[in-house]
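Accompanying notes for the structure given below.
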Amino acid sequence: MKTGIERREFLKLAGIGSVVFASGLMGMNGLGHAATPAQDDFFFVQMSDTHWGFNNPAVNPEAGTTLQKAVAAVNALARQPDFIIFTGDLTHTTDDEQVRRKRLGEFREIVGALKVKNVRFMPGEHDAGLDNGKAYQELFGETHYAFEHKGVHFIVLDNVSNPGSTIGDAQLQWFAAELGKIDKKAPLVIFTHRPLFDLAPDWDWHTRDGAKALEMLKPFTNNVTVFYGHIHQVNHHEADGIKHNSAMGLMYPLPAPGSVPIKAPLPWTPSQPFKGLGFRGVDAGKDRAYALTEYPLKGE
Amino acid sequence: MRGITIPLLVALLFAVCTVAMTASPALAQQDEQVVTVTAKQYEFSPQTITVKKGTPVVLELTSLDRLHGFSCPALKLRSDIPPGKTTTVRFVPDKVGTFPFHCDNFCGSGHEHMIGTITVTE
Ligand SMILES: [Cu+2]
């Protein structure tokens, strides 16, 4: 979306980071909101599906440096984000537990070079699906948690630490309790790895008990945005007033849902290195609208 | 009281018998088509299953290594396939076509390739 870029250009021109911004984004804010306190405005970055350890030169001959490039690209942003969130598949699957730990450790070391130190993580099924999140938890801690930032509630849900792509009853109970603490009118952002809705059940692009979580979110209608990964491409979906946004991946793109029989990674395009890979900036404010800026990963 | 109790008991017995009959895999109906499917990292065998519309099908699923899953969303079929036992899935195909199925329990590096199709003919 253009709005996010315009906004940051405007902030840059204004020479200050926290001026009140007036945009026509989704028709929700605008000049009428010019009185909103400046501190409500913030910016975060979503990085996803870095698949550290992936090795297939036909798909990504630069697999060993793609994550470092992404880190450098985020560090080079004119406006540094308030925080960065990785929405899962930090590493690529291995059946070897030792290799899994090694990859998770290497990933952590590489992203340690991010200038922003407020970095949040969650696992993908590649990190946690084979050992119920054991190795992930050793290195990164809890797989589901909640936090607050400038009046926005964020909840990280784990729908991967179980091979069957479920959130599970215990976590759903925790989720209900967290939701119980939140004002139904307050803006709420959910981070997951897999989509909570049935995007493409034939490709396992869903959460088996996702409907239970979505049901719990109904009282929050029009205040909820979900950011997820897993599908390695941008997809927007809105249902029951909940906006679902997937992100590009940072190792290989995947085909559009249901477009081909097998969801194999798309091959590398030599004339367009890193095509389809990137991260996104999210401009957030109390207006509950999020301006998304997609940053493609470039070859240089 | 007795007049009420006896019919209730009969009804209960009847209910138990009905449940037992439908739940028992041993009592396969004669016109059922039995298809044996094995799952292992990272393939199903067979990968293509052909059945007939209207003829009841029994899928007998076995895993040779670890937990896999069998999911065919178009036909609303799904089951876990734990190793060490045979899992039975029964259905009556009610539409003609080719419907993909896949393993839906993340099982390792080749998980994405554990797919197949059910073809329902007229
Ligand atoms: Cu499997």
Where does A:Asp95 contact chain B at under 4.5 Å (heavy atoms): side chain, backbone, both or neither? side chain

Please determine which of A:Thr93, A:Asp204, A:Val160 meets the side chain to side chain contact (heavy atoms under 4.5 Å, CB included) test together with B:Phe106. A:Thr93

Applying ring pair (Phe, Tyr, Trp, His ring centres under 6.0 Å), which residue pairs with at least one partner in residues 244-266 of chain A are found, sequence neighbours left out? A:His51-A:Tyr252, A:Phe54-A:Tyr252, A:Phe197-A:His244, A:His232-A:Tyr252, A:His237-A:His244

Qualifying residues under salt bridge (Lys or Arg N to Asp or Glu O under 4.0 Å), relative to A:Arg280, sequence neighbours excluded: A:Glu294

Residue, of B:Arg78, B:Glu112, B:Arg66, that accumulates the most heavy atom pairs under 4.5 Å with chain A: B:Arg78

Any residue meeting ring-ring contact (aromatic ring centres under 6.0 Å, His included) with A:His144, in chain and number order, not counting sequence neighbours: A:Trp174

Kindly compute the distance separating CG (B:Asp104) from NE2 (A:His206), expressed to the nearest 0.5 Å. 6.0 Å

Can you list the steps and then say if B:His102 with A:Ile262 is a side chain to side chain contact (heavy atoms under 4.5 Å, CB included)? CA-CA 10 Å; B:His102 65 280; A:Ile262 301 173; over 6 Å; no

Contact part of B:Cys107 toward chain A, heavy-atom cut-off under 4.5 Å: side chain, backbone, both or neither? backbone

Nearest heavy-atom pair of A:Pro163 and B:Leu67: which atoms, and what distance? CG-CD2, 4.2 Å

Does anything in residues 120-138 of chain A get under 4.5 Å of chain B by heavy atoms, and if so which residues? A:Glu125, A:His126, A:Gly129, A:Leu130

